[in-house]
Amino acid sequence: MNPDVVIIGAGPAGSVAAAMLADAGFSVEVLERVHFPRFSIGESLLPQAMEWLAEADLLRDVVEAGFQHKNGAIFRCGDREESFDFRVKSANGWGTTFQVRRDKFDDLLARGAVRKGAKVSFGQTVIAMRPDPVAPSLTVRDEEGNERDIAARFVLDASGFGRVLARLLDLESPTSFPNRMSIFTHVEDNIPPQAYDRNKILITVNPSNSEIWYWMIPLADGLCSMGVVGKPEDLAPYGVTREEQLAALVAESGLMADLLANARRVRDVGEISGYAARVSSLTGPGYALLGNAGEFLDPVFSSGVTIALKSASLATHALIRQLNGEVPDWDAEFARPLSRGVETFRAYVSGWYDGSLQKIIFSQPRNANQVKAMITSVLAGYAWDEENPFVREPGKYLKMVEELCG
């Protein structure tokens, strides 16, 4: 029997959408190419994401999993340091969240969706898509090479960096961001207990090139996610291998290097490049694209999971109406409101790399407390809060504050 909805990908967007649809009484099959648990970066959640985990009734699963608590971020550039407490923000809502191992986080969300009645099939690769406003269908190949066709009333693509429908339906669109890459690993950090507040992610700017930056995300059980981001041509002079490049770059990071002086690597160094992407449309006949399957900006403000969960919430509400016989306006109810927050994050990412946001972060503008609370709201994921001028017109207000910084 064909399901009402097929979801491509069992990451956060796919599992949250599956849980909400199953709760609403619809049959759902999630198709996942790999087997869980599996490694992924993107471990630092934003407080706004908690709202959509709660909406999907998966928040208790996350809270009880024992992940590292998170309440803010510390930015460093040389000896300059600025701390952002997400609880001190202008927006209402969650001010704390978690720093998670994505293998465990994604697995527990998928299991939560199954608990609610969704079917999750692993080892399934979607190789063809036939859009249709009433009965879209997919061709799927399993690990033994067997193929099957699945028809549904709607398809949600939550395939993340796999970007399944964008590739199959030729939806890729040029992005304004240059090619950048991330080099990363996990370590047993051995950071002394009083040396650093593990409740905060550390973002460090390279002293020689402000477009190169580092992340350090303390995780539970004494582990830490660490990585560096930059243009490939800027990272290449630091070594022949990715291991050499990461080690040489971290050696220049100041406090982060000091904190990780006794770290022991517990997984191979990985890399992701060319991840910034856009699509020509987020919806089509019988389908919609969620999260990174539609657009990914940059990891600097940890917006990926937040955008993914927001997209899942918006799409699910519209889809439930459609499955119940109504006619939702997918552009007005999904694409435009989702893009509003994405464009807010885009302005902040652009400001980070052109130096204007770094200037604001490491300076003290007039009315600093009020300005900081509004910027903190965006950094905490509240990129859809239209009461915040730094959301309504982010480019304008960031430029204004940059000028006030002198």
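Keep in mind that the numbers below use all heavy atoms, side chains included, and drop hydrogens, waters and symmetry copies. Heads up: numbering here begins at 1 and tracks the sequence.
- A search for ring pair (Phe, Tyr, Trp, His ring centres under 6.0 Å) contacts involving Phe334 returns Trp330, not counting sequence neighbours.
- Under a 4.0 Å N-O distance rule, the pair Glu386/Arg392 does not qualify as a salt bridge.
- Within the 3.5 Å criterion, the main-chain N or O of Asp4 finds a donor-acceptor partner in the side chain of Ser27.
- Side-chain contact between Ile150 and Pro3 is present, with at least one heavy-atom pair separated by less than 4.5 Å.
- Between Asp157 and Val126 the shortest side-chain heavy-atom distance does not fall below 4.5 Å.
- Side-chain contact between Ser281 and Tyr287: absent, with no pair of heavy atoms (C-beta onward) separated by less than 4.5 Å.
- Between the CG atom in Leu165 and the CG atom in Leu282 there is a gap of 11.5 Å [rounded to 0.5 Å].
- For Asp258, there are no salt bridge (Lys or Arg N to Asp or Glu O under 4.0 Å) partners, not counting sequence neighbours.
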Return all side-chain donor-acceptor pairs below 3.5 angstrom for residues 216-226, not counting sequence neighbours, or 'none' if the list is empty.
| from | atom 1 | to | atom 2 | distance (Å) |
| --- | --- | --- | --- | --- |
| Ser225 | OG | Glu43 | OE1 | 3.0 |
| Ser225 | OG | Glu43 | OE2 | 3.2 |
| Ser225 | OG | Trp215 | NE1 | 3.0 |

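- The stretch residues 237-261 participates, sequence neighbours left out, in no ring-ring contact (aromatic ring centres under 6.0 Å, His included) pair at all.
- A 4.5 Å side-chain heavy-atom check between Phe75 and Trp352 finds at least one atom pair inside the cut-off.
- Using a 4.5 Å heavy-atom threshold, the side chains of Asp268 and Phe39 count as separate.
- Between Met400 and Glu393, the closest side-chain pair of non-hydrogen atoms is not below 4.5 Å.
- Legend: residues meeting side chain to side chain contact (heavy atoms under 4.5 Å, CB included) with Asp106, ordered by chain and number and at least two apart, are Pro12, Phe36, Arg38, Arg102.
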Note to self: Could you go through Asp149 and Arg130, starting from their C-alpha distance and side-chain angles, then the distance that decides it, and tell me whether this counts as salt bridge (charged side-chain N to carboxylate O under 4.0 Å, His left out)?
What the structure shows: CA-CA 10 Å; Asp149 291 335; Arg130 291 165 292 279; 3.5 Å; yes
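- In this structure, Arg148 pairs ionically with Glu29, as a charged nitrogen and a carboxylate oxygen lie closer than 4.0 Å.
- Not a single side chain to side chain contact (heavy atoms under 4.5 Å, CB included) links Ala236 to another residue, sequence neighbours left out.
- At most 12 heavy atoms of other shown residues, nucleotides or ligands fall within 6.0 angstrom of atom CD in Glu387.
- Of the possible polar contacts, none joining the Arg115 side chain to the Gly117 backbone as a donor-acceptor pair under 3.5 Å is found.
- Checked by atom type and distance alone, the side chain of Thr283 never pairs as donor or acceptor with a backbone atom of Ala288 at under 3.5 Å.
- Residues passing the side chain to side chain contact (heavy atoms under 4.5 Å, CB included) test with Pro178, sequence neighbours excluded: Arg180, Lys231.
- For Arg60, the CZ atom sits in a loose shell: 12 or fewer heavy atoms of surrounding residues, nucleotides or ligands are nearer than 6.0 Å.
- Side chain to side chain, Tyr353 and Trp213 meet the donor-acceptor criterion of an N or O pair below 3.5 Å.
- Between the side chain of Ser311 and the backbone N or O of Ala308 there is at least one donor-acceptor pair closer than 3.5 Å.
- The distance from the CG atom of Asp142 to the CG atom of Leu31 is 11.5 Å, given to the nearest 0.5 Å.
- Closest of all the heavy-atom pairs between Ser44 and Ser302 is O-CB, 3.2 Å.
- Tyr397 places no side-chain N or O within donor-acceptor distance of the main-chain N or O of Val391, the cut-off being under 3.5 Å.
- With sequence neighbours left out, the ring pair (Phe, Tyr, Trp, His ring centres under 6.0 Å) criterion links Phe184 to no other residue.
- For Arg242, the side chain to side chain contact (heavy atoms under 4.5 Å, CB included) criterion is met by Met181, Ile183, Gln245, Val269, Glu271, not counting sequence neighbours.
- One finds the CD atom of Gln48 at 7.0 Å from the NZ atom of Lys310 (value rounded to the nearest 0.5 Å).
- With sequence neighbours excluded, no residue forms a ring pair (Phe, Tyr, Trp, His ring centres under 6.0 Å) with Phe177.
- Gln68 places a side-chain N or O within donor-acceptor distance of the main-chain N or O of Arg198, the cut-off being under 3.5 Å.
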From CA spacing to verdict: salt bridge (charged side-chain N to carboxylate O under 4.0 Å, His left out), Glu333, Arg321: CA-CA 11 Å; Glu333 297 178 39; Arg321 290 185 54 222; 2.6 Å; yes
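- Within the 4.5 Å cutoff, the side chain of Leu398 has heavy atoms near those of the Leu357 side chain.
- Contact of the Ser356 side chain with the Lys399 side chain is not registered, since no non-hydrogen atoms from C-beta on lie closer than 4.5 Å.
- Side-chain atoms of Gln99 come within 3.5 Å of backbone N or O of Ile201 as a donor-acceptor pair.
- By the ring pair (Phe, Tyr, Trp, His ring centres under 6.0 Å) test, Tyr348 is found to be paired with no residue, residues two or more places apart in sequence or in another chain being considered.
- Applying side-chain contact (heavy atoms from CB on, under 4.5 Å) to Ile7 and the options Val155, Val16, Leu21 leaves one that passes, Leu21.
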* Asked: After noting the C-alpha distance and the side-chain angles of Phe301 and Phe345, does the key distance pass the ring pair (Phe, Tyr, Trp, His ring centres under 6.0 Å) rule?
  -> CA-CA 8 Å; Phe301 298 122; Phe345 280 123; 7.7 Å; no
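- Residues satisfying the salt bridge (Lys or Arg N to Asp or Glu O under 4.0 Å) criterion with Lys116, sequence neighbours excluded, are Asp23, Asp57.
- Under the 3.5 Å distance criterion, the side-chain polar atoms of Thr125 are left unmatched by any main-chain donor or acceptor of Arg33.
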